[in-house]
Amino acid sequence: MNKYRTHNCSELRKKNSSQDIILSGWINKKRDHGNLLFIDLRDNYGITQCIIDKSNSSFKELEKIQLESVIKINGKVVERSEETINLELQTGEVEVNIDSFEVLGTCKELPMPVFTDQEYAEEIRLKYRFLDLRRKKIHDNIILRSKVISFIRNEMFQLGFLEFQTPILTSSSPEGARDFLVPSRLNPGKFYALPQAPQQFKQLIMVSGFDKYFQIAPCFRDEDARADRSPGEFYQLDLEMSFVEQEDIFEVVEKLIVNVFKKFSLKKLMHAKFPKISYEESMLKYGSDKPDLRNPLLISDLTNIFSREDVTFEIFKKLVKSGSKVRCIVTKNTKDKPRSFFDNIDKWAKDQGASGLAYFTIEKDKQISAKGPVGKFFSSAALEEIMKITGANDGDSVFLACGKINEVEKITSQARDKIANDLDLIDKNIFAFCWIVDYPMFEKDEITNKIKFSHNPFSMPQGNIKDINFDEPLNIKAYQYDIVCNGIELSSGAIRNHIPELMYKLFSIAGYEKTQVDEKFSGMINALSYGAPPHGGIAPGIDRIVMLLANEKNIREVTMFPMNQNAQDLMMNAPSNVNEEQLKELGLAIKIKK
RNA sequence: GGGGGUGUAGCUCAGUUGGUUAGAGCGAUCGCCUGUCACGCGAUAGGUCGAGGGUUCGAGUCCCUUCACUCCCGCCA
């Protein structure tokens, strides 16, 4: 028999009555009646109420033990009387009469309470993460994470995938995020990089003939944090398949995602089959390549309206003439909303750094007219045209933004969220998935005006390779795709370019010489010239999937030991200084800019 | 790198127009209490009001600087 326990803290039931048992756990709560003491004993599995009174010689001693100390209890299970049953506990029909106890681990005065629903500052939570993790909600989130990952593993094995590990110490690559670097002792002055993703390795696995690979892969990117983005490291379900087309990947991943979300959440899926939206359409209708499809508001383009004679909104007309775009959002039946509703949105837009959102409300008397600050600039014929384009009716309002295309896309995208939240249009009990497809292979860098890869440089361009017009690279689309759920980018993938000549060609468009490609991607470009199968894959973000399933807005709520926003681990004190000896061995000197 | 929010007891927070000795709940310590499950009652301890500077007869409160945490922009193929 185990010396610490015969049962865990959620096991005991009526049928155990009058058994002598041993429990071990943390003191969750004490209720001290002076001559009678209740102790809620907690472990990973649950809570059991234990009881002792002054007739027991260890009563006084137990009374004084701190909450969150770990104790072992020898006692007898007894049925509770009818009126003292606690239905909120799984073990609530019984309790344990304590015979004797032993302290296994004492607890100092707590820096923060453990048994409470109260929220408290993240700084202290992270510093005492081991206490924070005892609290029910986050404890359950972490257990959920474990279950989701093991479920995914099983599904992947059943689908015929093999799990492989890939190196953590690898080489730095151009393109993409900032690398974390690790100095090499044996090769002074040289550095390893932590992988931003096992991208090249998984392609090499395909070249090696393994056909279907997956890994719950740690990925490292030295970029600034967001609520849904850990600084430093995160996990992807990295997968790759040989001899596949885009649709084959979609089928596998969509099935997997649907199974995971159905198993671990009660929320409904908005679409049984994920809709496919082209990048271009998404940017137009949602202003973003990660649209929240729960949000019914759509964006329309009204640029052409502003070249009409009967529209006299001169500020916009002038901007349109010099190449600006006008986009709008229509809100249904908002004619009776108070002025403050509209002005708040305009003010909010200005706070976001935009020049504001003009608005009017469509009214119909004998003919169509527009009310509101800029309503007078539109003739009824122009308004009818706007109604045709946007599907607006009388009683609806139109919010307008004008500016360079990127600016307009950004502000209308944010305004979609803002207005939908203000009007409470988003159903929180739904998961709305979609595929974003047909990404452009290249884009123009705003600042340098140079052509660069818009996503993954290893993606396969669309169309027949002989027919691709490389002279207009901005028109080349790629077999590149994302999964988006509720406005969160869940994964990104592509059919890969496995043809070395084509790879050189594309890299040359992005300004890389052949020799540079050979040097930077030596492992892969070399491998592709020894018989590479057509292949493709995708990498859903594990942390974000669990975040959605746990209904959390912050990724740290589903991460066991997260770093803070400045990429510091407050519990382990990382990053930290190293001593001279270590630096010397690596041939490094510290030069801190002030 | 830039913008917003927050910072008062171990924890969560209140603190009026700038005015006496900065308060409450939880926690801690001590005492009372034999059926609680957020047990109850009483008492005690606990404060660099994030830090520095300024205005003022007087600053938790007003001004300037700065630090920490957080949210957002940039960034994240």
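This one's a predicted model, so the numbers in the text were calculated from it and none came from an experiment. As a basis for the values below, the full set of heavy atoms in this structure was taken, side chains included, without hydrogen atoms, waters or symmetry mates.
Gln196(A) comes within 4.0 angstrom of nothing in the nucleic acid, heavy atoms only. Base contact: Pro457(A) has a heavy atom under 4.0 Å from a base atom. Heavy atoms of Ser454(A) sit under 4.0 angstrom from primed sugar atoms or phosphate atoms, though from no base atom.
U55(B) and A38(B): their C1' atoms are spaced 47 Å apart (whole Å). Comparing G53(B) with G58(B), their P atoms sit 16 Å apart, to the nearest whole Å. Rounded to whole Å, the separation between the C1' atoms of U6(B) and G46(B) comes to 24 Å. A gap of 5 Å separates the C1' atoms of C49(B) and G60(B), to the nearest Å. Taking the P atoms as reference points, C75(B) lies 44 Å from U17(B), given to the whole Å. U36(B) and A24(B): their P atoms are spaced 29 Å apart (whole Å). Taking the P atom of each, U16(B) and G50(B) are spaced 14 Å apart, rounded to whole Å. The same atom, P, is picked in U8(B) and in U21(B); the two are 23 Å apart, to the nearest Å.
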For nucleotides 34-36 of chain B, print each protein N/O atom paired with a nucleotide N/O atom at under 3.5 Å, atom names and distance only.
residue, atom, partner, partner atom, Å
U34(B), OP1, Asn35(A), ND2, 3.4
U34(B), OP2, Asn35(A), ND2, 2.2
G35(B), N1, Glu95(A), OE2, 2.8
G35(B), N2, Glu95(A), OE1, 2.6
G35(B), N2, Glu95(A), OE2, 2.9
U36(B), O4', His33(A), NE2, 3.4
U36(B), O2', Arg31(A), NE, 3.4
U36(B), O2, Arg31(A), NE, 2.6
U36(B), O2, Arg31(A), NH2, 3.2
U36(B), O2, Gln49(A), OE1, 3.3
U36(B), N3, Gln49(A), OE1, 2.9
U36(B), N3, Gln49(A), NE2, 3.0
U36(B), O4, Gln49(A), NE2, 2.9
U36(B), O4, Arg80(A), NH1, 3.3

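Residue Leu131(A) contributes atom CG, which lies 13 Å from atom P of C11(B) at whole-angstrom precision. Ile124(A) places its CD1 atom 11 Å from the P atom of U8(B), with the value rounded to the nearest Å. Distance, Ile39(A) CD1 to C39(B) P: 13 Å, rounded to whole Å. Rounded to whole Å, the distance from CG on Leu41(A) to P on C37(B) is 19 Å. Between the CG atom of Asp117(A) and the C1' atom of A38(B) there is a distance of 9 Å, given to the nearest Å. Distance CD1 (Ile65(A)) to P (A28(B)): 13 Å, rounded to an integer number of Å. Between Lys30(A) atom NZ and A28(B) atom C1' the separation is 11 Å, expressed in whole Å. A straight line from CG of Leu37(A) to C1' of C39(B) spans 12 Å, rounded to a whole angstrom.
Ionic pairing of Asp518(A) and Lys514(A) is present here: one or more N-O contacts between side-chain nitrogen and carboxylate oxygen are shorter than 4.0 angstrom. The pair Lys452(A)-Asp445(A) meets the salt-bridge criterion, with a side-chain N (NZ, NE, NH1 or NH2) lying under 4.0 Å from an Asp/Glu carboxylate O.
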Can you build the contact string for nucleotides 66-75 of chain B? Use B for base contact, S for sugar-phosphate-only contact, and - for no protein heavy atom under 4.0 Å.
--SSBBSBBB

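Remark: the Tyr439(A) side chain and the Asp482(A) side chain contain an N/O donor-acceptor pair separated by less than 3.5 Å. Looking at Tyr120(A) and Gln118(A), their side chains never bring a donor and an acceptor atom within 3.5 Å of each other. Residues Glu123(A) and Asn564(A) have side chains that never bring a donor and an acceptor to within less than 3.5 angstrom of each other. Judged by distance alone, the side chains of Glu552(A) and Asn141(A) do bring a donor and an acceptor atom under 3.5 Å apart. Defined by atom type and a distance below 3.5 Å, a donor-acceptor pair is present between the side-chain atoms of Asn475(A) and Glu472(A). Using a 3.5 Å distance cut-off with no hydrogens or angles, the side chains of Asn295(A) and Tyr286(A) do not pair a donor with an acceptor. Gln19(A) and Asn16(A) form a side-chain donor-acceptor contact under 3.5 Å, judged by distance and modelled atom types alone.
Stem analysis of RNA chain B (Watson-Crick or G-U pairs, both distances under 3.5 Å, runs of at least three) returns B:1-7 with B:67-73, B:10-13 with B:23-26, B:28-32 with B:40-44, B:50-54 with B:62-66.
Within the model, atoms CD1 of Ile73(A) and CD1 of Ile51(A) stand 11.5 Å from one another, a figure rounded to the nearest 0.5 Å.
An OP1 or OP2 oxygen of G27(B) is reached within less than 4.0 angstrom by a side-chain nitrogen or oxygen of Lys29(A).
Results of the side chain to side chain contact (heavy atoms under 4.5 Å, CB included) test with Val484(A) over Asp289(A), Ile436(A), Asp292(A) single out Ile436(A) as the only residue that passes.
Residue order along RNA chain B, read from the 5' end via each residue's closest nucleotide, puts Pro111(A) first among Asn86(A) and Pro111(A).
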Test Gln565(A) against Glu122(A) for side chain to side chain contact (heavy atoms under 4.5 Å, CB included), laying out the working first.
CA-CA 10 Å; Gln565(A) 197 168 44; Glu122(A) 196 130 16; over 6 Å; no

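Between Trp435(A) and Phe250(A), the angle of the ring planes stays under 30°, which puts this pair in the parallel group of the 30/60° scheme.
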